Number of protein chains: 2
Amino acid sequence: MDMTEDFNLIMEDFLPLRDVVFNTLRRAILTGTLKPGERLMEVHLANKLGVSRTPIREAIRKLELEGLVVMVPRKGAEVAKISEKSLKDVLEVRRALDELIAKLACSRITREQLSELREAADEFEKATKTEDTSTIARADIAFHDIIMEATGNLRLKQLVNNLAEQMYRYRFVYLKDESKHSMLVKEHSRIYDAIKNNDTEAAMEAARIHIDNQEKAIIAHIRMERAGEDKDSI
Amino acid sequence: MDMTEDFNLIMEDFLPLRDVVFNTLRRAILTGTLKPGERLMEVHLANKLGVSRTPIREAIRKLELEGLVVMVPRKGAEVAKISEKSLKDVLEVRRALDELIAKLACSRITREQLSELREAADEFEKATKTEDTSTIARADIAFHDIIMEATGNLRLKQLVNNLAEQMYRYRFVYLKDESKHSMLVKEHSRIYDAIKNNDTEAAMEAARIHIDNQEKAIIAHIRMERAGEDKDSI
DNA sequence: TAATTGCACATTGTATACAAAAACGGAGTA
DNA sequence: TACTCCGTTTTTGTATACAATGTGCAATTA
């Protein structure tokens with residue numbers, strides 16, 4: 001192999017190698033270091049990461065079930081391609097789940113969580129002033145994590161995390177556009193207000209709008225990206 | 001080991017052994033042959049199924065990500081315990097997804113699918129007359145599969161399948177009770193009518209009621225089961 | 001008797017070896 | 001040139017070997 005990919009083992013001490021490899025490969029896929037359609041060859045990865053084939057294979061089994069890689073029989077694993085259709089599918093589900101999250105949060109949020117949420121919303125507004133996209137992204141995640149936590153539903157959390165990963169590489173898209181920042185701040189405020197007032201309908205509506213806007217930005221971005229690239233896979 | 005579990009390799013020809021093992025173990029867990037908390041010891045399973053440890057381990061990695069087994073570090077895998085809380089979490093999510101399915105099916109179902117759905121509803125009614133629970137279960141699954149297919153959302157299908165598995169062993173509970181059969185038939189009819197008339201609100205409502213009734217039956221069953229058993233795990 | 005140490009064994013974690021199938025390439029032929 | 005056949009190589013699929021860690025039991029000691 002001529003190319004030297006720029007990823008290395010993510011050392012999380014005392015985790016089994018398979019999990020270390022799993023996290024490493026997952027991050028590489030989600031950040032785009034491993035590109036859609038790229039083959040994952042076991043010996044190659046094993047040499048690159050300095051482990052044997054066994055942990056590599058076990059990590060690939062998990063990535064397979066997570067949908068990040070697809071297996072071609074007797075050929076091995078390759079990074080899953082993300083079509084516009086599959087992204088729309090994901091967003092369709094996320095919309096429903098985000099509405100559920102908003103609804104549950106309304107009835108279950110505690111006083112402390114509510115004040116944390118207020119702070120997180122303020123933090124987000126402050127972050128949009130810094131113009132640093134990754135700071136903004138962190139603040140956005142923090143805000144939504146609090147709402148997620150308030151639902152008290154672990155399974156829901158797990159599912160949404162998994163779905164969120166599928167669109168990870170597009171997260172920055174809708175945060176980079178400064179003209180949208182004030183709108184995002186307003187949307188967060190609406191969500192906060194609705195939850196505070198225990199107004200289920202308003203909370204769900206606000207969550208829906210929030211996702212809709214993300215969807216528009218992401219789809220637009222993908223179309224652009226596709227126009228500039230080669231063919232049918234994004 | 002003194003006990004002889006009654007499961008054998010499910011032979012699906014030309015699938016890699018790891019997938020055969022995966023299906024075998026999954027079915028064993030879902031049907032209760034492998035009980036919650038039971039340890040999955042690699043050599044034991046390997047001998048029992050007549051393969052080496054490698055496919056066993058790879059199958060376990062997938063079951064792990066699916067949530068059917070949990071790993072205890074340096075101790076190995078054991079069948080996940082299902083608490084009432086986690087089941088409620090699952091059902092809460094399923095309710096939202098089933099409403100989404102109903103909504104999408106309303107707007108996207110084709111003429112053929114609609115007539116298939118009519119037939120499936122009739123088949124279900126017929127099945128309830130046979131008194132054979134597994135026949136009824138099959139008919140129920142067939143009915144819901146058609147609606148699922150009509151949504152055209154693969155990701156949604158995948159998620160719901162996974163969630164459904166978590167409650168698989170309780171599926172029979174709400175189908176065994178004959179007194180509920182006429183109600184189930186009515187519920188299916190309501191769902192069919194709503195979808196046929198493209199009445200989104202009614203379809204979602206009907207789906208919600210359908211799940212609510214399942215939830216009640218399952219929770220009641222679990223409480224009974226728990227009362228008759230030992231301790232805190234179901 | 002109760003506690004503790006140490007050893008043997010059981011079990012997982014990781015690496016390697018072997019088998020089989022598919023991909024590749026080159027020689028030969030029309 | 002285009003095409004096919006055949007062997008070589010690469011790569012996955014499966015099995016086994018080795019390492020490391022935990023667990024239980026017995027023997028020893030206070």
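Only this structure's heavy atoms are used, side chains among them; waters, hydrogens and symmetry mates stay out. The sequence lines fix the lettering, A, B, ..., with proteins before strands; numbering per chain opens at 1. Nothing here was measured: the structure is a model prediction, and the numbers come from that model.
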A correct 5'-to-3' footprint of nucleotides 12-22 of chain C, with B, S and - meaning base, sugar-phosphate only and no protein heavy atom under 4.0 Å, is BBBBBB---SS
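Going from atom CG of B:Asp19 over to atom P of D:dT12 covers 16 Å, rounded to whole Å.
Contacts of B:Phe22 classified as ring pair (Phe, Tyr, Trp, His ring centres under 6.0 Å), with partners at least two apart in sequence or in another chain: none. Residues satisfying the side chain to side chain donor-acceptor pair (under 3.5 Å) test with A:Asn213, not counting sequence neighbours, are A:Glu187. For A:Arg61, the salt bridge (charged side-chain N to carboxylate O under 4.0 Å, His left out) test picks out A:Glu64, B:Glu58, with sequence neighbours left out. Partners of A:Thr151 under the side chain to side chain donor-acceptor pair (under 3.5 Å) rule, at least two apart in sequence or in another chain, do not exist in this structure. For B:Thr135, the side chain to side chain donor-acceptor pair (under 3.5 Å) partners are B:Asp132, not counting sequence neighbours. Residues that satisfy the side chain to side chain donor-acceptor pair (under 3.5 Å) test with A:Gln113, not counting sequence neighbours, are A:Thr110.
A salt bridge (charged side-chain N to carboxylate O under 4.0 Å, His left out) check over residues 95-109 of chain B, counting only residues at least two apart or in different chains, returns the pairs A:Glu92-B:Arg108, B:Arg94-B:Asp98, B:Arg95-B:Asp212, B:Arg95-B:Glu215, B:Glu99-B:Arg208. Applying the salt bridge (charged side-chain N to carboxylate O under 4.0 Å, His left out) definition to pairs two or more places apart or across chains, none involves residues 136-148 of chain B.
Side-chain contact between B:Arg18 and B:Val51 is absent, with no heavy-atom pair separated by less than 4.5 Å.
For DNA chain C, if you chain together Watson-Crick or G-U pairs that step i with j, i+1 with j-1 and so on, the runs of at least three with distances under 3.5 Å are C:1-30 with D:1-30.
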I'd like a table of donor-acceptor pairs (distance under 3.5 Å, sequence neighbours excluded) in which one partner is a side-chain atom from residues 68-75 of chain A, with atom names and distances.
none

Restricting both atoms to N or O, compile the protein contacts to nucleotides 6-8 of chain C shorter than 3.5 Å, with distance only.
none

